[in-house]
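Report on the following structure.
Here is how names work: the chains are called A, B, and so on, in the same order as the sequence lines, proteins then strands, and each is numbered from 1. Worth saying up front: this structure is predicted, and the values here are computed from it rather than measured.
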Protein chains: 2
Amino acid sequence: MKQRKLYNRINLLRQERKLSRKELAEKIGVNFQTVGYLEREEYNPSLDLAFRISGCFGLPIELIFSTKPQPPLSEELMRWRNKEE
Amino acid sequence: MKQRKLYNRINLLRQERKLSRKELAEKIGVNFQTVGYLEREEYNPSLDLAFRISGCFGLPIELIFSTKPQPPLSEELMRWRNKEE
DNA sequence: AGAAAATGATGTATATATACAATATGAAAC
DNA sequence: GTTTCATATTGTATATATACATCATTTTCT
């Protein structure tokens with residue numbers, strides 16, 4: 001199967017939490033260079049690794065990864081605020 | 001990284017929808033034997049494939065896959081019904 | 001400015017996911 | 001009962017993810 005390129009917000013979320021790649025890598029149990037590959041979207045994580053990242057950030061997989069380029073989180077937030085007016 | 005074994009409800013969901021492995025495989029764009037491997041949990045899907053399966057069933061990834069063995073869907077349903085009494 | 005830390009880039013090696021073919025078995029249809 | 005379809009099993013081949021080392025570049029800290 002030809003894998004589609006996936007998009008993610010790992011870099012954004014990591015910076016929000018003021019973690020270095022090395023620190024994040026340790027939390028999720030991978031080599032720190034692997035985090036670099038993921039942030040640059042050079043390849044996709046395994047589903048298992050996606051679950052670990054999801055758990056580390058306390059966010060659902062769908063909020064971190066997607067099949068379409070990710071809009072800024074601020075936009076996503078506004079969409080929710082407008083939904084319940 | 002040593003991959004953890006993941007659990008899934010593919011077989012259940014496929015049967016609910018009365019699909020053969022071949023039919024499901026065509027919808028998500030993989031070999032029908034790959035569906036067998038996933039249902040038997042002999043290996044984990046890639047994140048991309050997990051997204052395709054999620055899209056095909058119209059369910060979030062977390063409802064289909066998990067890091068712990070999956071309880072019957074009926075139990076999960078009752079937990080939700082009790083939550084909002 | 002200079003040292004230290006974080007990141008980017010390149011290359012090699014291993015583990016894991018996916019495809020595909022062949023065969024066996026079991027269940028369903030006729 | 002035998003043909004057909006769905007599934008299981010085994011084997012080989014390829015694609016993709018992950019680890020690890022090294023060096024270059026950039027950023028941060030003092």
Side-chain angles (χ1 to χ4, degrees), chain A residues 1-57 59-70 72, chain B residues 1-57 59-70 72:
Chain A
M1 181 193 58
K2 172 119 173 297
Q3 307 273 339
R4 291 172 301 184
K5 172 196 174 65
L6 300 180
Y7 303 86
N8 71 70
R9 291 177 167 133
I10 298 177
N11 185 274
L12 175 75
L13 295 168
R14 177 172 66 79
Q15 310 234 39
E16 275 188 347
R17 284 153 178 81
K18 305 211 195 311
L19 297 172
S20 70
R21 288 192 183 159
K22 193 150 166 296
E23 291 168 322
L24 174 58
E26 278 157 15
K27 288 182 143 219
I28 59 184
V30 295
N31 191 279
F32 83 100
Q33 304 187 104
T34 297
V35 176
Y37 281 107
L38 296 179
E39 291 190 355
R40 280 174 253 123
E41 292 167 344
E42 292 188 21
Y43 53 59
N44 304 330
S46 62
L47 182 55
D48 180 22
L49 182 48
F51 266 113
R52 296 186 199 207
I53 296 169
S54 162
C56 173
F57 289 135
L59 298 171
I61 288 181
E62 283 86 353
L63 191 55
I64 307 178
F65 301 95
S66 71
T67 58
K68 307 250 172 72
Q70 309 247 33
Chain B
M1 181 192 59
K2 171 121 173 295
Q3 307 273 339
R4 291 172 302 184
K5 173 197 173 66
L6 300 180
Y7 303 86
N8 71 70
R9 290 177 168 132
I10 298 177
N11 186 274
L12 175 74
L13 295 168
R14 177 172 66 80
Q15 310 234 42
E16 275 187 349
R17 284 151 178 82
K18 305 210 195 313
L19 298 171
S20 71
R21 288 193 184 159
K22 193 149 168 297
E23 291 167 321
L24 174 58
E26 277 157 16
K27 287 182 144 222
I28 60 185
V30 295
N31 191 281
F32 83 101
Q33 304 187 104
T34 297
V35 176
Y37 281 107
L38 297 179
E39 291 190 355
R40 279 174 254 122
E41 293 166 345
E42 292 188 23
Y43 53 59
N44 303 330
S46 62
L47 182 54
D48 181 23
L49 182 48
F51 266 113
R52 297 186 199 206
I53 295 168
S54 162
C56 174
F57 288 136
L59 298 171
I61 289 182
E62 283 86 352
L63 191 56
I64 307 178
F65 302 94
S66 70
T67 58
K68 308 251 172 72
Q70 309 247 32

| task | May I ask you to say what B/Arg40 touches in the nucleic acid, namely base, sugar-phosphate or nothing, with a heavy-atom cut-off under 4.0 Å? | result |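 Contact class for B/Arg40: base.
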| request: Report the distance from atom CG of B/Leu59 to atom CD1 of B/Ile64, rounding to the nearest 0.5 Å. | output: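 With rounding to 0.5 Å, CG (B/Leu59) is 5.0 Å from CD1 (B/Ile64).
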| So, does the side chain of A/Gln33 form a donor-acceptor pair with the base of C/dA6 at under 3.5 Å? | no
| query | Which residue, A/Arg14 or A/Lys2, contacts DNA chain C at a nucleotide closer to its 5' end, judged by nearest heavy atom? | reply |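 Between the two, 5'-proximity favours A/Arg14.
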| Do you know which two heavy atoms are closest between B/Glu62 and A/Ser54, and how far apart they sit? | OE2-OG, 4.4 Å
| request: Search all heavy atoms of B/Pro45 against all heavy atoms of B/Phe65 and return the closest pair with its distance. | output: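 The pair with the smallest heavy-atom distance is CG-CE2, 3.6 Å.
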Please report, rounded to the nearest Å, how far the [atom2] atom of [N] is from the [atom1] atom of [X].
| X | N | atom1 | atom2 | answer |
| --- | --- | --- | --- | --- |
| B/Glu42 | C/dA19 | CD | P | 15 Å |
| B/Glu26 | D/dC5 | CD | P | 14 Å |
| B/Arg52 | C/dA17 | CZ | C1' | 13 Å |
| B/Tyr37 | C/dC20 | OH | C1' | 10 Å |
| B/Phe32 | D/dT7 | CZ | C1' | 8 Å |
| A/Asn11 | C/dT7 | CG | C1' | 11 Å |
| A/Asp48 | D/dA19 | CG | P | 11 Å |
| A/Phe65 | D/dA17 | CZ | P | 12 Å |

| Can you check whether B/Leu47 reaches B/Ile61 side chain to side chain, under 4.5 Å on heavy atoms? | yes
Below 4.0 Å: OP1/OP2 of [N] and any side-chain N or O of [X]:
| X | N | value |
| --- | --- | --- |
| A/Thr34 | D/dA19 | yes |
| B/Arg21 | D/dC5 | no |
| A/Gln3 | C/dT18 | yes |
| A/Asn44 | D/dA17 | yes |
| B/Arg4 | C/dT16 | no |

| task | Identify, between A/Met1 and A/Val30, the residue whose nearest nucleotide on DNA chain D lies closer to the 5' end. | result | A/Met1
| For B/Gln15 and A/Ser46, take the nucleotide of DNA chain D holding the closest heavy atom to each; which residue's nucleotide lies nearer the 5' end? | B/Gln15
| field | Check ion pair A/Glu23-A/Lys27 (N to O, under 4.0 angstrom) | value | no
Closest listed nucleotide, where the reference is the side chain of [X] and the choices are [options]:
| X | options | answer |
| --- | --- | --- |
| B/Pro45 | D/dA19, D/dT18, C/dT18 | C/dT18 |
| B/Asn31 | C/dC20, C/dT18, D/dC20 | C/dC20 |
| A/Tyr43 | D/dT7, D/dT18, C/dT7 | D/dT18 |

| Under 3.5 Å donor-acceptor, B/Arg17 side chain and B/Phe57 backbone |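 Looks like yes, one N/O pair under 3.5 Å.
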